[in-house]
Amino acid sequence: MLGVYVHVPFCESRCNYCAFSSFVRNDEIDRYINALTKEISSFNGDKIASSIYFGGGTPSILEKSQFERIFQALKSTFTLTDDCEITIECNPNTFTADKGRFYRQMGVNRISFGVQSLDDNILKFLSRRHSAAQALSAIKCAQECGFENISADMLIGVNKNTDDFLKQVELLCSQGVKHISAYMLQIEEGTPLEKMVMAQRDLLPDEDESIDQYNGVAKLLKKRGFERYEVSNFAVSGFECRHNVNYWTGGDYVGFGLSAHSYIGGRRFANANTFEKYYRGVLALDEQLSTRQLQEEHIMLGLRCKYGVDKKYLFGLGYDISKNENLPELLDKKIIFDCGGRLKLNEEYYGVNNLVIIKLLPD
Amino acid sequence: MISMDRIEKIRNFCIIAHIDHGKSTLADRLIEKTGTLEKRDMQAQLLDSMELEREKGITIKLTPTRMKYSCNGEEYTLNLIDTPGHVDFTYEVSRSLAACEGAILIVDASQGVEAQSLANAYLAIENNLEILPVINKIDLPSARPEEVKKEIEDVIGLPAMHAPCISAKEGTNIEDVLEMIVKEFPCPKGDENARLKCLIFDSYYDNFKGAICLIRVFDGTVKPGEKIKMMHTGKVFEVTEVGVFLPFAKPTDKLLAGEVGYLAGSIKTISDVEVGDTITHLESPVQDPLPGYKKVQPVVFCGIFPVDGAKYNELKDALEKLKLNDASLEYMPEVSQALGYGFRCGFLGLLHLEIITQRIEREFNLNIITTAPSVYYHVHKTDGSMLELSNPSSLPSPVEISYIEEPVVKAHIFAPPNFVGAIMELCQEKRGVYEGLTYLDEKRVQLNYKLPLGEIIYDFFDSLKSRTKGYASLDYELAGYQTSDLVRVDILLNGERCDALSMIVHKDKAYSRGRALTENLKKIIPRQLFEVPIQAAIGSKVIARETLSAMRKDVLAKCYGGDVTRKRKLLEKQKEGKKRMRKIGSVEIPSEAFMSLLKLDDDQE
């Protein structure tokens with residue numbers, strides 16, 4: 001079984017903090033879909049899909065007919081499991097009832113909205129194209145179209161008022177959102193935001209405030225019945241994003257489209273990140289992971305989520321993690337919990353998971 | 001009579017000066033003026049051949065040069081023996097002086113007599129050299145040659161009214177200096193038919209020929225094929241080559257009494273060639289060696305460790321190679337709990353230490369950690385025995401110690417009178433004992449202090465320079481040991497002692513140093529997963545404490561769209577960083593942190 005990712009690298013405009021592969025080029029969309037459907041149809045390998053994820057960019061920017069072409073290619077290539085999770089990322093301003101009904105028809109059963117904030121000033125500051133009201137009405141609209149599994153992305157570390165920020169998260173919960181991804185804003189190199197922050201150091205909340213927001217969100221969502229199943233992801237039970245869980249637990253996945261990553265049978269490869277190279281089938285990355293890398297990635301991904309690290313699996317790869325010299329201290333200080341066959345990171349230390357991961361890697 | 005002719009036309013001389021007064025520039029000019037080298041062949045300041053030396057504008061390595069100069073229709077051989085101008089190398093200077101009959105004392109026409117002008121002039125006087133002052137840098141607008149001449153007469157007691165006034169930089173009046181060398185300096189005395197007596201005044205290592213002795217022949221003749229003996233070490237060698245420097249080494253068939261040159265004899269290690277030793281023939285030796293020999297002892301010590309623990313062997317190779325060329329460098333293996341495997345190294349002084357550590361980093365491309373420099377202590381134990389140690393962590397527990405002695409120096413500081421207050425204050429802070437003040441003239445005073453060497457090597461020179469706006473100069477000589485109230489201050493991280501950070505300090509300074517060190521550590525150590533107390537302690541008594549709060553957030557890379565490569569790159573970077581980490585108990589410290597601690601200065605206390 002595979003997770004299937006489809007990348008839609010188009011946006012109406014670029015957000016000032018974004019460093020992902022996305023382009024404001026409507027003229028390129030049809031050509032891109034030609035290449036994309038060809039890539040999907042010629043896929044060779046495991047053809048059973050347990051999840052499909054349309055990410056971007058802004059997948060909701062596509063016309064119905066464009067989206068249908070991609071979907072048809074997927075359906076004729078893959079057999080979808082009965083409970084196949086099909087997610088589409090949407091921007092509140094490009095989502096309509098018409099599109100919502102259409103997505104339902106196509107079999108989409110999960111929508112992830114890029115809400116980011118419910119403060120119009122902050123949305124403007126982040127150069128998002130939607131307003132808070134639009135975000136809330138898009139969620140309502142999706143629900144009316146029959147979507148129950150709705151996720152919202154929120155950005156931590158932008159709003160200087162933590163209480164305000166937490167109220168927004170609270171509001172999302174009360175709107176019936178079942179999943180929240182709360183990402184810490186990262187200042188990426190070369191983005192307009194980087195320049196802005198360089199010019200004005202106190203533009204954003206400082207580290208301590210960001211951490212307070214992070215911990216505040218975790219506490220709030222716990223109260224509202226959400227479980228934190230990954231450092232930045234919270235879900236009402238049963239609404240965890242299966243597609244992402246598959247990434248984090250070492251499952252196989254295939255990615256189609258510009259700069260999409262695949263991981264199949266220990267081989268990791270990725271498409272090129274320019275249209276011209278992608279059309280020529282150039283790979284930006286193609287490697288077979290070594291035993292060592294497999295060990296490291298398992299630890300790196302496992303400690304980021306509630307599933308933890310599988311000691312037996314690592315032992316099978318030749319790494320006896322119970323002999324790690326730092327482990328006794330981490331257990332002693334309750335930074336790591338030993339839950340039978342698995343080692344899990346204490347939620348309180350999710351914010352500093354890298355420090356812990358480093359300590360548990362093989363020498 | 002022919003041999004008399006030969007020796008009468010030799011002049012062996014050196015140039016002595018305070019740093020920056022223009023010694024190397026004058027040497028270059030002499031070489032150029034005598035046509036020893038064409039101008040285009042000359043690297044700027046030829047004699048300072050090592051990159052580091054050129055950078056620091058100081059000469060460490062001595063390179064003798066033979067020049068020809070015609071005067072009144074006669075051709076003279078001039079042997080210029082360059083000398084290092086730094087207090088760390090006083091013994092080397094004295095041996096170079098012993099190889100000469102004359103010394104040119106250069107004094108900067110604007111700065112006048114400085115600490116090392118005086119110290120080196122006295123050394124030359126002790127070695128019975130003819131000293132001729134030369135006033136340099138007369139091209140400077142601030143030059144005051146007449147006053148400086150008077151200063152030389154008053155302060156050093158040398159006649160200077162007829163001293164040539166030159167500009168080595170611009171080549172002004174260089175002829176006067178050459179003429180003076182020929183006319184004023186005595187020719188060497190010696191008998192080429194007598195038994196062989198040569199002074200080793202320096203050495204270096206050649207990859208093909210082995211250790212090379214730089215020698216002055218006092219009596220006799222030395223030729224390849226002869227068996228020679230080093231009188232102090234007792235080592236015997238067969239001469240494979242002798243020659244002179246023009247200024248590049250050129251073999252000759254022999255070296256005669258009065259001459260300066262080099263000698264090779266398949267000598268495998270430079271330790272067999274001790275500066276100051278006397279060479280004689282094995283079969284027909286002289287009775288007594290030349291006077292003045294001293295075994296050179298390092299006075300400043302520190303630990304050197306590779307930043308990457310896996311590079312221990314590379315560090316060992318580097319030290320071995322440096323030792324080939326530098327007999328005064330000492331090292332022995334040392335194990336530190338905090339820093340792992342490394343070496344305890346001994347140096348002639350702080351400059352020597354700095355040169356060696358920089359060469360390890362540059363020439364061998366190794367990142368190293370050096371611990372704080374320390375001196376040799378005499379630790380008298382209650383059982384009557386005495387320990388000599390330089391490593392604070394080897395100090396026995398206080399109950400076993402009866403008393404500790406530390407080395408002291410006699411320091412001579414020269415400065416304009418308006419800085420006397422600042423200098424006295426500094427010396428006071430450094431536990432100095434005042435021994436007198438002399439007004440050299442209305443512009444300069446000489447202050448004498450007895451100071452612990454341990455204080456001199458702890459930031460004294462920089463403080464002196466900064467408090468006197470760079471006007472003061474310093475010279476010192478070792479002056480035995482004195483009993484002092486010394487204690488060891490330990491640094492505890494999360495309750496664990498970090499041996500590499502221990503220091504031996506005077507009891508009165510323990511609190512302020514402890515506080516400064518803990519404050520600095522708090523700034524340097526990255527935050528950890530948990531809170532870390534940083535303490536300074538004497539024995540079990542904590543004298544200072546800081547708390548490093550726990551880290552709350554590291555970089556949270558999103559694992560989006562299955563792209564884990566970004567996260568992995570981040571981890572790779574952190575893993576690379578981990579290699580440079582040292583663990584003290586459960587606290588991780590980047591190796592670089594140890595270095596920045598050394599920059600802790602007294603003004604912070």
Side-chain angles (χ1 to χ4, degrees), chain A residues 3 5 7 19-21 53 55-56 156-157 181 183-184 186 207-208 210-212 214-215 230-232 243-244 246-248 253-255 259-263 268 270 284-285 287 293 296-297 299-301 304-305 325-326 329-330 332-333 335 349-359 361, chain B residues 308-312 337-338 340-341 493-496 522-523 525-533 547-591 593:
Chain A
Y5 177 79
H7 193 62
F20 287 112
S21 281
Y53 194 105
I156 292 176
S181 297
Y183 292 114
M184 190 80 83
Q186 263 174 268
E207 184 184 306
D208 277 340
S210 308
I211 284 287
D212 288 344
Y214 195 55
N215 294 338
E230 195 251 7
V231 285
S232 302
H243 184 78
N244 282 339
N246 182 56
Y247 288 149
W248 302 326
Y253 52 89
V254 60
S259 76
H261 283 238
S262 303
Y263 177 71
R268 183 187 314 290
L285 168 83
E287 58 180 5
Q293 282 174 318
E296 291 186 352
E297 291 204 357
I299 296 167
M300 172 178 109
L301 294 170
R304 288 171 65 88
C305 49
E325 56 162 358
N326 297 312
E329 191 190 7
L330 293 171
D332 186 53
K333 291 201 151 76
I335 293 169
Y349 290 90
Y350 272 175
V352 287
N353 67 78
N354 285 342
L355 273 187
V356 184
I357 289 167
I358 288 289
K359 284 178 185 280
L361 292 180
Chain B
D308 177 353
K311 302 232 162 124
Y312 172 80
Q337 275 170 309
Y341 290 93
L493 298 173
N494 211 16
E496 300 245 7
K522 189 185 172 181
K523 284 183 216 146
I525 302 177
R527 292 195 287 159
Q528 318 270 314
L529 279 170
F530 35 81
E531 194 179 274
V532 178
T547 306
L548 182 70
S549 58
M551 168 109 143
R552 298 188 71 195
K553 160 187 155 188
D554 55 14
V555 187
L556 285 166
K558 247 193 271 194
C559 285
Y560 179 83
D563 179 4
V564 300
T565 50
R566 275 149 65 105
K567 170 91 177 166
R568 209 169 71 198
K569 271 182 205 145
L570 192 79
L571 274 187
E572 290 300 328
K573 227 163 99 185
Q574 288 195 345
K575 246 170 58 184
E576 206 43 49
K578 198 187 169 196
K579 272 196 206 156
R580 303 169 76 89
M581 290 285 188
R582 300 297 159 135
K583 238 179 141 187
I584 289 105
S586 53
V587 182
E588 285 181 336
I589 306 185
S591 307

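Chain naming here is simple, since letters A, B, ... match the order of the sequence lines and numbering starts at 1 in each. Owing to the predicted nature of the structure, the values given are computational and were not obtained by experimental measurement.
For A:A284, there are no side-chain contact (heavy atoms from CB on, under 4.5 Å) partners two or more places apart in sequence or in a different chain. Under the ring pair (Phe, Tyr, Trp, His ring centres under 6.0 Å) criterion, B:Y341 pairs with no residue at all, not counting sequence neighbours.
Distance CD/A:E207 to CE/B:M551: 7.0 Å, rounded to 0.5 Å.
Contacts between A:L361 and chain B at a heavy-atom distance below 4.5 Å involve the side chain alone, from C-beta outward. Contacts between A:I335 and chain B at a heavy-atom distance below 4.5 Å involve the side chain alone, from C-beta outward. Only the side chain of A:I357 comes within contact range of chain B, with heavy atoms under 4.5 Å apart. Residue A:D332 does not touch chain B at all, counting heavy-atom pairs closer than 4.5 Å. With a 4.5 angstrom heavy-atom cutoff, A:D208 touches chain B via backbone and side-chain atoms both. In this structure, no portion of A:Y263 lies under 4.5 Å from any heavy atom of chain B.
With ring centers used as reference points, A:Y253 lies under 6.0 Å from A:Y247.
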A:D212 and A:Y214: CA distance, side-chain angles, deciding distance, side-chain contact (heavy atoms from CB on, under 4.5 Å) verdict: CA-CA 5 Å; A:D212 288 344; A:Y214 195 55; over 6 Å; no
